[in-house]
Amino acid sequence: MKGNKGSDTPGVDEKTMRTDILNKDFKKVLKEVKNQFQHYTPNMVRRVHIPKDNGETRPLGIPTIVDRVVQECIRSVLEPICEAQFFEHSYGFRQWRSTEHALSRVTDVVQKTGYHWVIEGDISKFFDTVNHTKLIKILWSFGIQDRRILMMIKAMLQSGVMDEIIKSDLGTPQGGIISPLLANVYLTPFDNFVTREYERKKLRKEYSSGQRSLILRGLSGKPRIKPIPCYLIRYADDWVVVTNSKKNAEKLVYKYEKYLRETLKLTLSITKTKITNVRSKAIEFLGYKYKQVRGKAEKGYISRTKPIEDKLDKKIIELLKDIKMLKKCKDTETLISDINIINSKIRGLINYYQVTTWGSESMKKYNQRVRWAAYRAIRRRLGAKSAKGKNKKVDWMRANLCTNLIELHSNYTTTLPTLKYKEHVIGVTDLAFIKFQQPTLFNQMETPFTKEGRERHLTRLRKRPKQFRLDFIFGADAMATRRLLANKKKKKRLYNFEFYLNRAYAFNRDKGKCRICGKEIAPHEIETHHVNPNLTTELVNRVSNLASLHASCHNDMHNLTLTETLLLAKGYTTTSVKKILNFRNKLAMNSL
DNA sequence: CATACACATAC
RNA sequence: AUUGUAUGUGUAUG
Ligand SMILES: Nc1ncnc2c1ncn2[C@H]1C[C@H](O)[C@@H](COP(=O)(O)OP(=O)(O)OP(=O)(O)O)O1
């Protein structure tokens, strides 16, 4: 939560993460949060309207920091329970799943089944129309039946909006920490409704299409109509169903609309819901366009994906505006840092669209405009003569000669607008440096909620597992924490809530070893030293200012009567002594 | 190897 | 000051 951009944006009270959690006393914070769980009365949410992409506005509901903490507590226990019951091809708001997975699922289904009639569904004002009582019932059906938890969730949902009179029993705040989880819970019955007749039944024989008899016999022996073949891919309230004919698509839309309206009290925007033959027209999903086109070989179709043009258009216009602002930079240093920001914006766009087969073609349309805008803006900033003569500061340089983004730029000899400053050659990166990456399907076994799933994840990313269970060593009831709390003569300013959090990260960084003697530290002897205790409250407890030590090493380091020779006599190695002296030096220097 | 902080995208 | 969940990239520090 503290890493969130909004952590210093208050709700209806004035409280922020920095002033009211991190800088506060550890025990006080714990107590305040625990108190919330006695009789939970959440604050109202603060209403802020932000512009949406389509010109309308989005009403945010910003909870107070304490309410965010409480919501996070509840989210973290509910999530594993819910996850086990979510639909496998729901990709929104879920760990380790992404838009890329959703997109590749769509193309994969279409390619392998040959079905090319697609329904694009859109639920109006989704978060704002979630029905509270229905939601609680669905949670119950998920097996979440603890009255206390359900009452707290109900309270969160009903805590009205500041400055708005009407208290309704509709909606979960856009901005609430549990809202995305609740949204997926709420649509799970819909997932089941869509998939239970066909997709779920066919799980074992995935994709084997069309060759079964038209009539199946149910248990009663009564002939049953063969279910309409259909596959659902959902991302939050945005969903796509792939089926085999226009007629069937129409039937399904009819059924789905009725179900959503009658059972979930949601409106399927009929005007926005479209039925498309992806062999003749593209669908739009998650910022991507997708259609099938004839392949080079006579028969068969291949997938083509690309960015939605007008969305990309808008982004590029924004980008060009930013680039033009470069000419207003105060000095060369801010110019460089602004170029880096421009570069990360360009990289961001490339990164999102590199999974599209036609991404490169789309980017090339804007390429030249962006390059020249950048060149002119930098030249304007530094004056016309900076682009003339032998040692031009502003110049076109080959990408592989730039000193920034080396890993990327070294693969290209395209010229880029560059700025030379000291030893650096800073290039404005190019939209055309987009390289198609085949989007991957989500591996259903790879989830953070099982031991095996976590292992698969680590091996795929070629990472090593975390060595320590930080919550065991540093949790509120852990030995190291109790010992610290028992220590009476500690300075309040240093030992605030942030310290309790960050000492765990420092310990992990130090690999559980003492920064003085290099030996492992057992849980009962961990102490965390402030390298420079005189920094401001915001800086003292940064991980970079903390060092994990043995309690004894820590003591000896602070005990100035122990001279170098006495330390050696005590059995410290020469390198350990050096480290002790180093720490002492830093303390002495900074206390001046 | 780790964390923290910028940017991007989806909803 | 524009909140949240998720994904991805880059830079910096040890
Ligand atoms: N920036 C955001 N912050 C918080 N929640 C968001 C944000 N963007 C989207 N959401 C959540 C709340 C939305 O109800 C839900 C679906 O988003 P979206 O389809 O874009 O709008 P919407 O369903 O609220 O209105 P509509 O589709 O009628 O325009 O995702």
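Numbers restart at 1 for each chain; the letters A, B, ... are given by sequence-line order, proteins then strands. Note that the structure is predicted; figures quoted are calculated from it, not measured.
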Here the distance between atom P of C:U5 and atom CG of A:L286, to the nearest Å, is 20 Å
So, is the end of the A:R304 side chain (NZ or CZ) under 6.0 Å from the ring centre of A:W358 and within 45° of the ring's axis?
-> yes
Among the nucleotides C:G4, B:dT9, B:dT3, which one has an atom lying closest to any side-chain atom of A:N508?
-> B:dT3
Could you check whether A:K311 gets within reach of a base, just the sugar-phosphate, or nothing at all, counting any heavy atom under 4.0 Å?
-> sugar-phosphate
Round to a whole Å and report the spacing from CG of A:D53 to C1' of B:dA8.
-> 14 Å
Determine whether the side chains of A:N411 and A:N400 contain a donor N or O and an acceptor N or O closer than 3.5 Å.
-> no
Expressed in angstrom and rounded to an integer, what is the separation of A:E318 atom CD from B:dC7 atom P?
-> 14 Å
The single option from A:N23, A:T537, A:D8 passing side-chain hydrogen bond (donor to acceptor under 3.5 Å, both in side chains) against A:R18 = A:N23
Using purine N1 to pyrimidine N3 plus N6-O4 or O6-N4 for Watson-Crick, or N1-O2 and O6-N3 for G-U wobble, each under 3.5 Å, what pairs with B:dC5?
-> C:G10
Length of the line joining A:K511:NZ and B:dT3:C1', which is rounded to integer Å = 13 Å
So, is A:K5 close to the B:dA6 phosphate, meaning a side-chain N or O under 4.0 Å from OP1 or OP2?
-> no
Which nucleotide, B:dC7, B:dC11, C:U2, lies nearest any side-chain atom of A:V48?
-> C:U2
Parallel, tilted or perpendicular: ring planes of A:F442 versus A:Y91, cut at 30 and 60 degrees = perpendicular
With the side chain defined as heavy atoms from C-beta on, A:P63 is closest, among C:U5, C:U3, C:U7, to C:U3
When A:G61 and A:N351 are each assigned the nearest nucleotide of RNA chain C, the 5'-most assignment goes to A:G61
For the side chain of A:R347, starting at C-beta, report the closest nucleotide among C:U7, C:U9, B:dC5.
-> C:U9
Of A:S344 and A:Y352, the one whose nearest nucleotide on DNA chain B sits closer to the 5' end is A:S344
Give A:I50 one of three labels, base, sugar-phosphate or nothing, depending on what nucleic acid heavy atoms sit under 4.0 Å from its own.
-> base
Could you check whether A:N4 gets within reach of a base, just the sugar-phosphate, or nothing at all, counting any heavy atom under 4.0 Å?
-> sugar-phosphate
Spacing between A:N502 atom CG and C:G14 atom C1', to the nearest angstrom | 14 Å
Using atom CZ of A:R75 as one end and atom C1' of C:G4 as the other, report the distance to the nearest whole Å.
-> 10 Å
Residue-phosphate contact under 4.0 Å: A:N343 side-chain N/O, B:dC7 OP1/OP2 = no
Could you tell me if the ring centre of A:F285 sits under 6.0 Å from that of A:Y290?
-> no
With the side chain of A:I177 defined as its heavy atoms from C-beta on, choose the nearest nucleotide among C:G4, C:U13, C:U3.
-> C:G4
OP1 or OP2 of B:dC11 under 4.0 Å from side-chain N/O of A:R97 = no
Can you tell me how far C1' of C:U9 sits from NE2 of A:H409, to the nearest Å?
-> 13 Å
Contact class for A:I346 vs. all strands (heavy atom < 4.0 Å): base, sugar-phosphate, or nothing?
-> nothing
Please tell me which of A:K2 and A:A236 maps to the more 5' nucleotide of DNA chain B, matching each residue to the nucleotide holding its nearest heavy atom.
-> A:K2
salt_bridge(A:K321, A:E318) N-O dist < 4.0 Å = yes
Quick note, A:S544 side chain, CB onward, closest among C:U13, B:dA4, C:U3 is C:U13
Please report, rounded to the nearest Å, how far the C1' atom of B:dC5 is from the CG atom of A:D8.
-> 14 Å
Residues in salt bridge (charged side-chain N to carboxylate O under 4.0 Å, His left out) contact with A:K291, at least two apart in sequence or another chain = none
Counting any heavy atom closer than 4.0 Å, what does A:R68 reach on the DNA or RNA strands: base, sugar-phosphate only, or nothing?
-> sugar-phosphate
Please work out if A:Q174 contacts a base, only the sugar-phosphate, or nothing of the nucleic acid, heavy-atom cut-off 4.0 Å.
-> base
Report which part of the nucleic acid A:P51 touches: base, sugar-phosphate, or nothing (heavy-atom distance under 4.0 Å, all strands).
-> base
Contacts of A:T9 meeting side-chain contact (heavy atoms from CB on, under 4.5 Å) (sequence neighbours excluded), chain-then-number -> A:R46
Where each residue is assigned the nucleotide of RNA chain C containing its nearest heavy atom, which of A:G175 and A:Q95 is assigned the position nearer the 5′ end?
-> A:G175
Using a 4.0 Å heavy-atom cut-off across all strands, classify A:G92 as base, sugar-phosphate, or nothing.
-> nothing
Sugar-phosphate, base or nothing in reach of A:L60, heavy atoms under 4.0 Å = base
Is there a donor on the side chain of A:Y235 or the base of B:dA10 sitting less than 3.5 Å from an acceptor on the other?
-> yes
Proximal nucleotide (of B:dA8, C:U5, C:U3) relative to the A:L349 side chain | B:dA8
Please determine if a side-chain N or O atom of A:T9 lies less than 4.0 Å away from the OP1 or OP2 oxygen of C:U3.
-> yes
Check whether any side-chain nitrogen or oxygen of A:R46 sits under 4.0 Å from OP1 or OP2 of C:U2, and answer yes or no.
-> yes
